[in-house]
Number of protein chains: 2
Amino acid sequence: MRSINCSACILKSTAVKNLTVSELNILGNNCAEAVFKKGDIIFKQNALSSNIIYLRTGLIKLAIEGPQGTQIIRLKKAPCYLGLPTTMGDKINQYSAVALELSTVCFIDIHAFKELLRINPDFTYEILIRMYKNELEQFHRCVKLVQNQVYGRLAGSLLYLAEEIYASQEFNLPLSRSEIGDMIGTSRETVSRMINSLAQEGVISISGKHIKILNKSLLEKISQKG
Amino acid sequence: MRSINCSACILKSTAVKNLTVSELNILGNNCAEAVFKKGDIIFKQNALSSNIIYLRTGLIKLAIEGPQGTQIIRLKKAPCYLGLPTTMGDKINQYSAVALELSTVCFIDIHAFKELLRINPDFTYEILIRMYKNELEQFHRCVKLVQNQVYGRLAGSLLYLAEEIYASQEFNLPLSRSEIGDMIGTSRETVSRMINSLAQEGVISISGKHIKILNKSLLEKISQKG
DNA sequence: GTTAAAATATGATATTCATCACATTTTTAA
DNA sequence: TTAAAAATGTGATGAATATCATATTTTAAC
């Protein structure tokens, strides 16, 4: 594995900011960087893995093959770790990661990562806190998926993109209608219909992948009411 | 907080087994044990919390108030930690825990717990691994809930109870029809109908809360096919 | 043991949404 | 630039399941 200079990296994770110079050297000596274009598979479900994966720049989707096809379990935006759960608890990837835009990824050797966990409690604590927050977010996502109807789920996912991913009321959808369906558990036809329905109600305007939220409070109401 | 003797505890968590005698004393000096009867609330969503909660014996449900009423996000069987995600990342409980049978719980002061995380890497690593596994399990649960139809979800939850909770083909349901509905995202009427439907098909036999799985492989097929 | 309350069962009806079929538009590749 | 492939839009239909209504059974309280 090629050595890279993590000390000089200006896109360190919150956890890595706790590392000393020598610890950063351990990291840099066991780390490789790679760039992925939109659509590229970063790692694949059921493949063996021996790396922790850090998303340095970009946006990706995590997807699981379920009983009825693909389910997009979540989007992840840099900076964050992608492969923690898959590589630590289990050697086999339990899901796939696919780039939704040009993304930079660091592959960290799992033994080096474990060594850092062993020697730096602050680093470890940050990782733990991040995991806790993920678990909570996942609980809430799941509740919304199970309890809301499709119209509300769609509204919720558009709000999520606007708020969490793009921090803007206007953006280009990083997903096809079919992928949005895979994310909220419905068919591509229903996504089409409901996106156009939202546009007709004047809640959003849509043109191809370009979307603009016109009435955020109403969209929030739809997202909550179902 | 009363001091208890964690060294002598025969129901230690995998993580706690890594602690030294002096570390166990830190734990014991910052730990209180309590017993909860069936139906008792162990902690409540939106309440402030300053404890890590270890389920020593018993069975509980974790529930979130969603937009359309209560959602049971998961059952947890001793031995395990209940309060990790709620108390670490966030001071306010994001969900409630309710005893489904007589349960013993240890309340661990969060500062003592953090101190153990700081001083014992093996302890911390076990906690991390447990978190990773939880996240994966949660992903899979969520995919099944979103993709399967109610009949399959019900079959899945009955299998889960038989395999993971009771390790037996025959047991008493710890949940009412209505609670099962809250767990799989459907109405109590539909649960009633489908439980009886499974019984008519000869897949299970049911009498009140007492359930016996008669045709496990068919139940698994239903659980997978939806 | 009796009564009230809660849980469960079950039919009828309405709604949501998947699926199929096919048209149209957009993107990709040669 | 053109052809092929992929993505999207939209109507018709049917299946799954929520909801409402009401009866029955079980459990809890006094």
Side-chain angles (χ1 to χ4, degrees), chain A residues 37-40 66-72 98 100-101 144-155 157-158 172-201 204-211 222 225-226, chain B residues 37-40 66-72 98 100-101 144-158 172-201 204-211 222-223 225-226:
Chain A
K37 289 197 296 290
K38 181 182 165 133
D40 286 351
Q68 260 75 29
T70 301
Q71 159 90 4
I72 297 180
V98 178
L100 294 177
E101 58 181 50
K144 281 186 191 162
L145 282 177
V146 173
Q147 293 201 339
N148 278 350
Q149 310 199 142
V150 177
Y151 206 54
R153 304 210 293 262
L154 176 64
S157 66
L158 297 180
N172 286 311
L173 283 173
L175 301 167
S176 69
R177 305 292 189 270
S178 173
E179 285 174 309
I180 295 175
D182 289 341
M183 189 163 63
I184 63 177
T186 189
S187 64
R188 57 163 198 85
E189 294 97 326
T190 300
V191 173
S192 265
R193 270 186 263 266
M194 291 190 174
I195 282 184
N196 293 334
S197 170
L198 282 173
Q200 282 207 328
E201 304 279 324
I204 62 172
S205 75
I206 183 97
S207 165
K209 302 255 189 220
H210 189 80
I211 185 170
I222 294 169
K225 268 292 194 176
Chain B
K37 289 195 296 290
K38 181 182 167 134
D40 285 352
Q68 260 76 28
T70 301
Q71 160 89 3
I72 296 180
V98 178
L100 294 176
E101 58 181 49
K144 279 186 193 164
L145 280 178
V146 172
Q147 293 200 342
N148 277 350
Q149 310 201 141
V150 177
Y151 207 53
R153 304 211 292 266
L154 176 65
S157 65
L158 296 181
N172 286 311
L173 283 173
L175 302 166
S176 70
R177 306 292 190 270
S178 174
E179 285 176 309
I180 295 174
D182 290 341
M183 189 163 65
I184 64 178
T186 189
S187 64
R188 58 171 190 79
E189 293 97 325
T190 300
V191 174
S192 264
R193 269 187 265 267
M194 291 190 173
I195 282 183
N196 293 334
S197 169
L198 282 174
Q200 282 207 330
E201 303 281 323
I204 61 172
S205 74
I206 182 97
S207 164
K209 303 256 187 217
H210 190 81
I211 186 170
I222 294 169
S223 162
K225 269 290 192 177

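Chain letters run A, B, ... following the sequence lines, proteins first, then strands; residues in each count from 1.
Residue A:Lys209 places its side chain closer to D:dA7 than to any other of C:dT8, D:dA7, C:dC17. Taking the side chain of B:Val150 as heavy atoms from C-beta on, and the options D:dT17, C:dA7, C:dA18, the nearest nucleotide is D:dT17. Proximity note for B:Arg177 (side chain, C-beta onward) versus D:dT8, C:dT8, D:dA18: the nearest is C:dT8. In the set C:dA21, D:dG11, C:dA18, D:dG11 carries the atom at the smallest distance from any side-chain atom of A:Arg193. The side chain of A:Glu189 lies closest to C:dC20, out of D:dT8, C:dC20, D:dT17.
Looking only at side-chain heavy atoms (C-beta outward), A:Ser176 and A:Lys209 come within less than 4.5 Å of each other. You'll find the side chain of A:Leu154 stays beyond 4.5 Å of the side chain of A:Thr190, heavy atoms only. A:Ile184 has its side chain out of reach of A:Asn148: every pair of non-hydrogen atoms, C-beta onward, lies at least 4.5 Å apart.
A straight line from CG of B:Asn172 to P of D:dT26 spans 15 Å, rounded to a whole angstrom. When the P atom of D:dT8 is taken as reference, atom CD of A:Glu179 falls 9 Å away, rounded to whole Å. Atom NZ of A:Lys38 is separated from atom P of C:dT27 by 10 Å (rounded to the nearest Å). Protein atom CZ of A:Arg188 is 12 Å distant from nucleotide atom P of C:dA18, rounded to whole Å. The separation between B:Ile184 atom CD1 and D:dA16 atom P is 16 Å, rounded to whole Å. Rounded to whole Å, atom P of C:dT8 lies 16 Å from atom NE2 of B:His210. What separates CG of B:Leu154 from P of D:dT17 is a distance of 11 Å, to the nearest Å. B:Gln68 places its CD atom 17 Å from the P atom of D:dT17, with the value rounded to the nearest Å.
Recorded end-axis angle for the helix from C:dG1-D:dC30 to C:dA30-D:dT1 stands at 60°, based on five pairs per end and rounded to 10 degrees.
Counting any heavy atom pair closer than 4.0 Å across all strands shown, A:Ser187 reaches a base atom. Heavy atoms of A:Gly185 sit under 4.0 angstrom from primed sugar atoms or phosphate atoms, though from no base atom.
Here the closest heavy-atom approach between residue B:Glu201 and residue B:Tyr151 is recorded as CG-OH, 3.8 Å.
A distance of 4.0 Å separates CD1 in B:Ile195 from CZ in B:Arg177, rounded to the nearest 0.5 Å. Distance CD/A:Gln147 to CG/B:Leu145: 11.0 Å, rounded to 0.5 Å. Rounded to the nearest 0.5 angstrom, B:Thr70 OG1 and B:Asp182 CG are separated by 5.5 Å.
For the pair B:Thr186 and A:Val191, both in contact range of DNA chain D, the more 5′-proximal nearest nucleotide belongs to A:Val191.
Contact annotation: A:Thr190 side-chain N/O to C:dA18 OP1/OP2 distance is under 4.0 Å.
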